[in-house]
2 protein chains.
Amino acid sequence: MKPYVLVIEDEDAILTLLEYNFQKEGYDVGLATDGEMGLIMAAERTPDFIICDWMMPKLSGVEVCRRLRRKDETRATPIIMLTARSEETDKITGLDFGADDYMVKPFSMPELLARVRALLRRASPTLLEDVIRHGSLEIDLKSVRVKRGEKELHLGPTEFRLLEHFMRSPGRVFSREQLLDTVWGRDIYVESRTVDVHIGRLRKALKVNGEADPIRTVRSAGYAFEPPL
Amino acid sequence: MKPYVLVIEDEDAILTLLEYNFQKEGYDVGLATDGEMGLIMAAERTPDFIICDWMMPKLSGVEVCRRLRRKDETRATPIIMLTARSEETDKITGLDFGADDYMVKPFSMPELLARVRALLRRASPTLLEDVIRHGSLEIDLKSVRVKRGEKELHLGPTEFRLLEHFMRSPGRVFSREQLLDTVWGRDIYVESRTVDVHIGRLRKALKVNGEADPIRTVRSAGYAFEPPL
DNA sequence: TAAAACTGTCATACTTCTGTTATATAGCCG
DNA sequence: CGGCTATATAACAGAAGTATGACAGTTTTA
């Protein structure tokens, strides 16, 4: 269901960082601390995507890449290489060893996520069928469906757009006016209090067997979506 | 507070366009339809950024620029000039009248926004920051959260704005009147003693397992934020 | 075309925040 | 150490912001 990302990286800090962020984005994450382990894990469960460090003990990133490309299951799996600035060579910029893209450390998380999405979209479009996931919440823009865990929820059109908007910028607080502008539309006039009502309806709809309310009220500022675990 | 952008432009269509887009980006926007009005507005509330048309009735953009540069408050304020293609002269391309950048109409909104961000980043970096950190204290403007170490704190709206203001200028002492002006707002009248109360509330809220109080009282002068270790 | 679903608004009950004041405390100066 | 002034704090009433159920008008669906 969720895309499975395999991260092969020997620095613990980066491993943790990636794990955290990918999980937050709704991926299943596999972690390997060296190339050998990476290959084994890739064999166990074929990843939809691989992030791989360039310099690693035992097996270098290049070598991991080569071997992955030799197997049928992973021949077409997108791979992003991570390198330190100092390692930036012609070889890597040319990506002539089988990777699809590379990023220089330290990299920006949003950018990495964006590139992953881009590559995933190309490689396995069905996986990214315009679905946004945060924790147990899942919203499918194409088929207009919302699920919390296994349960499918029913939202009205306005609640759906509201949730979509929230889930596109998790954590960020939007004022009622901003929400009216983006979710309702710029030239429509509705009372800003109406937002409250729809937030209430959304909350009610999202409430499933006692899970936490993912919408945070910020007094005198607006509302925000907080990715539930 | 949000960055305040002053737009001086005589074409209504462009004015509206800019207002809409800047507001959406989270700026406070001031609109002036000619140079004179622009100067007055700039005097009333010092802008963080100015967008100014090149050709305008009464006062030309160049002249507006010159006068802005003569005042202390706006001497360093970034200015972007807007010109029509036909007006593109050596003078403007050289920016030798005090503007920081210029754009030819019709311009692309994303590009304009990018340039504004770039200039703002240079001129007043903290304005664009989503999170400001000092020592163990961290304030996130976008998601409206405050953390001290690992602990998330709860502040009332006024305390939040107060802290934000302090953290943008660490170490600097503000009088009660200054605080009332910037944090409460120019035209609101409240007792200056009220500031004491809110400072007290802020201190209380920031107090986490014995860490030092980051707010310093300056007798007979005001308060200052001292970055905690 | 009737029934069902959805919207926006309002009134009401709450909750949280604000500004003020009164009183206690602390800093400064001779 | 007074005496003076500035600041800290608690208490409180009123203000402001939010949640929620009800309702009437619309739109969509069956």
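Since the model is a prediction, treat every value here as computed from it, not as a measurement.
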Inset, instruction - Before giving the answer on side chain to side chain donor-acceptor pair (under 3.5 Å), spell out for B:Thr33 and B:Glu9 the whole-Å C-alpha distance, their side-chain angles and the decisive distance to 0.1 Å. - result: CA-CA 5 Å; B:Thr33 49; B:Glu9 161 73 62; over 6 Å; no

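- Applying a 4.0 Å cut-off to non-hydrogen atoms, none of the residues of residues 207-215 of chain B approaches DNA chain D.
- Applying the ring pair (Phe, Tyr, Trp, His ring centres under 6.0 Å) test to residues at least two apart or on different chains, the pairs with a partner in residues 3-32 of chain B are B:Phe22-B:Tyr27.
- Listed for the B:Thr16 side chain is a donor-acceptor partner under 3.5 Å among the backbone atoms of B:Asp12.
- In this structure, B:Arg67 pairs ionically with B:Glu63, as a charged nitrogen and a carboxylate oxygen lie closer than 4.0 Å.
- Between chain A and DNA chain C, the heavy-atom contact criterion of under 4.0 Å yields a 5' to 3' nucleotide range of C:dC6 to C:dC17.
- Under a 3.5 Å cut-off, the side chain of A:Thr194 and the backbone N or O of A:Val190 do not form any donor-acceptor pair.
- Applying the side-chain hydrogen bond (donor to acceptor under 3.5 Å, both in side chains) test to A:Thr158 and every residue at least two apart in sequence or in another chain returns nothing.
- Between A:Lys147 and A:Asp140, no side-chain nitrogen of the basic residue sits less than 4.0 Å from a carboxylate oxygen of the acidic one, so the salt-bridge criterion is not met.
- Applying the ring pair (Phe, Tyr, Trp, His ring centres under 6.0 Å) test to every pair with at least one member in residues 176-195 of chain B, sequence neighbours left out, gives these pairs: B:Trp184-B:His198.
- When each of A:Asp213, A:Leu162, A:Leu153 is paired with A:Leu202, the side chain to side chain contact (heavy atoms under 4.5 Å, CB included) condition holds for A:Leu162 and for no other.
- Between B:Val64 and the options B:Leu39, B:Asp53, B:Asp34, a side chain to side chain contact (heavy atoms under 4.5 Å, CB included) holds for only B:Leu39.
- A salt bridge is defined here as a Lys NZ or Arg NE, NH1 or NH2 lying under 4.0 Å from an Asp or Glu carboxylate O, and A:Arg117 with A:Asp101 fails to meet this definition.
- Shown for residues 157-177 of chain B: residues whose heavy atoms fall under 4.0 angstrom of DNA chain C, namely B:Pro157, B:Thr158, B:Glu159.
- Between chain B and DNA chain D, the heavy-atom contact criterion of under 4.0 Å yields a 5' to 3' nucleotide range of D:dT5 to D:dA11.
- Electrostatic pairing of A:Glu138 and A:Arg133 counts as a salt bridge here, judged by a charged N lying under 4.0 Å from a carboxylate O.
- Residues meeting the side chain to side chain contact (heavy atoms under 4.5 Å, CB included) test with B:Ala205, sequence neighbours left out: B:Leu155.
- Not counting sequence neighbours, the partners of B:Glu152 by the side-chain hydrogen bond (donor to acceptor under 3.5 Å, both in side chains) test are B:Arg145.
- A salt bridge links A:Glu164 with A:Arg168; the closest basic N to acidic carboxylate O contact falls under 4.0 Å.
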Determine all donor-acceptor pairs shorter than 3.5 Å in which one atom belongs to a side chain in residues 220-229 of chain B; sequence neighbours excluded.
| from | atom 1 | to | atom 2 | distance (Å) |
| --- | --- | --- | --- | --- |
| B:Tyr223 | OH | B:Arg176 | NH2 | 3.2 |
| B:Glu226 | OE2 | B:Arg216 | NE | 2.8 |
| B:Glu226 | OE2 | B:Arg216 | NH2 | 2.8 |

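- B:Arg172 has its side chain within reach of B:Gln178: a pair of non-hydrogen atoms, C-beta onward, lies under 4.5 Å apart.
- Using five terminal pairs a side, the axes of the helix from C:dT1-D:dA30 to C:dG30-D:dC1 at its two ends make an angle of 40°, given in steps of 10 degrees.
- Only B:Trp184, B:Val190, B:Glu191, B:Thr194, B:Val197, B:His198, B:Arg201, listed by number, bring a heavy atom of residues 179-204 of chain B to less than 4.0 angstrom from any atom of DNA chain C.
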